[in-house]
Amino acid sequence: MSTIAAISTPVGTGGISVIRISGENSLKIAGEIFEPVSTRLAPEEMEGYTCAYGKIVSDGEYYDDCVLTVFKSPRSYTGENIAEISCHGGIFVTESILQLIYSKGAVPAGPGEFTKRAFLNGKTDLIRAEAVMDVISAQGKASSRCAAALRQGALFTRINAVSVKLIHLLGEIGAWVDYPEEDIPEVDSGAMLETLGTAAQELEMILSTYDCGKIIREGVDTAIVGKPNVGKSTLMNLLSGCERSIVTDIAGTTRDIVEESVRLGDIVLRLSDTAGIRATEDVVESFGVKKAGEKIETAELILAVFDNSAALTPEDIEIADKCAGKNAVAVINKTDREPALDTDYIESRFSRTVYISAVKGEGLQQLQEVLTDLFKTDSIDYNAGVLANERQRSCVRNSLNALRESMDAIKQGYTLDAVNIIIDEAENYLLELTGEKASEAVVNEVFSHFCVGK
């Protein structure tokens with residue numbers, strides 16, 4: 001395989017940048033451009049997991065001071081020889097050193113190619129590899145804990161335990177089917193059903209983690225809706241911690257959807273502050289009102305804001321009726337004022353209601369508690385291994401369906417060789433999940449979502 005190189009830190013001005021080189025010639029290339037200060041050892045002669053201070057020089061031209069770190073095969077991230085150059089974090093100097101490395105024979109690394117090589121070299125499984133990007137993109141403590149557990153093998157361990165049971169069962173069935181002349185006892189159907197039932201139950205439990213895990217990992221598409229001047233933009237700014245939306249006493253200020261991501265407890269809300277819903281002849285505002293109505297239909301969560309200090313209006317009733325039956329929370333705002341709102345009607349249309357004063361910053365804790373209860377994020381065991389993406393869910397779901405089919409086949413009296421084929425299908429989906437039988441197309445798709453340099 002070729003020797004690859006890329007910048008592994010975000011491109012931009014900073015204290016340091018790290019350039020990673022991996023492959024058979026990585027240490028040789030590093031030796032051609034690195035002059036150590038405190039040691040006479042060339043990078044190829046250095047022990048693994050050691051560093052040397054020096055400078056990058058080529059053809060008499062000085063580039064920068066740096067620290068070179070050496071990792072030797074097979075005890076490295078990729079399983080190959082790796083040289084990492086930590087230089088000053090300027091864009092120009094970092095790019096200059098990278099281009100110098102390319103001139104010595106390295107080629108640009110593709111997205112996720114370092115981790116892909118780690119997978120291909122048996123240093124990690126596909127589940128742990130996918131968790132790398134989850135660690136990088138984690139937006140809070142909960143998502144970070146989920147990703148860390150996956151990196152430590154929590155999900156792989158659960159999947160592998162099921163896989164081992166199926167492989168053992170496949171071996172028993174296969175021996176009986178393939179060697180009928182031998183005195184091998186037939187596999188008891190009751191024992192098979194018990195094994196398959198236990199495996200299916202475990203996959204069901206794993207599958208149940210997806211929705212909550214998705215919320216923890218990706219956040220919730222959230223629409224803030226309401227008629228004009230109920231405090232939608234004030235709530236948006238309160239949640240955002242800054243003046244993200246314009247707040248005035250003039251109705252119709254917000255005419256388009258203003259978006260921001262905020263963290264409330266363990267949940268990330270991908271907020272959309274919509275235009276106030278009302279009848280209007282203003283062409284621009286009416287377009288915003290239309291988009292607000294569409295957002296009610298598509299959002300995963302609706303925060304419907306109502307003015308505690310004003311009487312219930314037809315617009316309020318329309319909004320409440322549209323939200324009925326959806327993942328929606330009624331937010332009664334302006335509790336710092338004299339109440340005038342018919343809250344009984346509002347509460348009859350929503351399963352959850354919170355009372356806040358957005359302008360005074362009161363009620364956020366109650367809102368957080370309501371959302372935690374709504375999405376059950378306090379009930380998830382992060383350390384048990386949570387499904388991280390649709391690929392993983394699809395593999396588990398397909399395997400579970402095959403297990404259920406195999407149990408039905410046993411109950412209906414199918415021959416063991418037919419049952420064996422169905423169980424083998426279930427096992428193959430689990431092996432695709434871990435990467436042990438994943439196709440090249442699947443592997444390429446997984447790593448195409450990685451950043452370059454990881």
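The figures here come from the full heavy-atom set of this structure, side chains too, leaving out hydrogens, waters and symmetry mates. The chain is numbered in sequence order, starting from 1.
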K326, NZ: over 12 other non-hydrogen atoms inside 6.0 angstrom: yes
Side chain to side chain, L301 and L374, heavy atoms closer than 4.5 Å: yes
Short side-chain donor-acceptor distance under 3.5 Å, Y77 and N121: no
Over 12 foreign heavy atoms within 6.0 Å of CD, E347: yes
Exercise: do S22 and E80 side chains pair donor with acceptor under 3.5 Å: yes
Any donor-acceptor N/O pair, R393 side chain to L387 backbone, under 3.5 Å: no
Nearest-0.5 Å distance, CD of residue E300 to NZ of residue K214: 4.5 Å
Which atom of F450 lies closest to which atom of V132, heavy atoms considered: CE2-CB, 4.0 Å
Charged tip of R75 within 45° of Y49 ring normal and under 6.0 Å: no
CZ/R263: more than 12 non-hydrogen atoms of other groups inside 6.0 Å: no
Reported CD1-to-CD1 distance for the pair I21 and I4, which is rounded to 0.5 angstrom: 10.5 Å
4.5 Å side-chain heavy-atom contact, L371 and L367: yes
Side chain to side chain, K123 and R128, heavy atoms closer than 4.5 Å: no
Euclidean distance, C87 SG relative to L68 CG, rounded to 0.5 Å: 11.5 Å
Test log, rule side-chain contact (heavy atoms from CB on, under 4.5 Å), inputs N389 and D134: CA-CA 10 Å; N389 53 53; D134 289 337; 5.6 Å; no
Under 3.5 Å donor-acceptor, N398 side chain and S394 backbone: yes
Side-chain donor-acceptor pair present, S163, E427, cut-off under 3.5 Å: yes
Option passing side chain to side chain contact (heavy atoms under 4.5 Å, CB included) with M236 (candidates L271, V262, L303, V305): L271
Exceeds 12 heavy-atom contacts within 6.0 angstrom, atom CE of M205: no
Other residues, nucleotides, ligands: >12 heavy atoms within 6.0 Å of Y414 OH: no
Enclosure of H449 NE2 (heavy-atom neighbours >12, cutoff 6.0 Å): yes
Atom CD of E95 with >12 non-hydrogen neighbours under 6.0 angstrom: yes
Working for side-chain contact (heavy atoms from CB on, under 4.5 Å), residues I173 and M192: CA-CA 9 Å; I173 297 173; M192 282 195 295; 3.6 Å; yes
Salt bridge present between R20 and E84 (N-O < 4.0 angstrom): yes
Beyond-backbone contact of T9 with T94, side-chain heavy atoms, under 4.5 angstrom: no
Heavy-atom side-chain contact between F375 and N327 under 4.5 Å: yes
Spacing of CG belonging to L433 relative to CD1 belonging to I127, to within rounding of 0.5 Å: 4.0 Å
Within-4.5 Å side-chain heavy-atom neighbours: T195 and H168: no
Chi angles and distances behind the side-chain contact (heavy atoms from CB on, under 4.5 Å) call for D373, R352: CA-CA 10 Å; D373 178 65; R352 292 169 175 81; 3.1 Å; yes
Side-chain heavy-atom pair N160, L430 within 4.5 angstrom cut-off: no
Where F306 and A330 come nearest, the two heavy atoms and their spacing: CE1-CB, 4.2 Å
Any donor-acceptor N or O pair under 3.5 Å, side chains K232, N333: no
Nearest atoms (heavy-atom pairs only) where I29 meets A106: CD1-N, 3.7 Å
Atom pair OG (S26) and CD (E44), whose distance is rounded to the nearest 0.5 Å: 8.5 Å
E362 atom CD, over 12 foreign heavy atoms within 6.0 Å: yes
Short N-O contact, E202 and K165, less than 4.0 angstrom: no
Pairwise distance OG(S399) to CZ(R404) - rounded to 0.5 angstrom: 10.5 Å
Min side-chain heavy-atom separation L264-T372 under 4.5 Å: no
Salt-bridge present (K116, E113; N to O < 4.0 Å): no
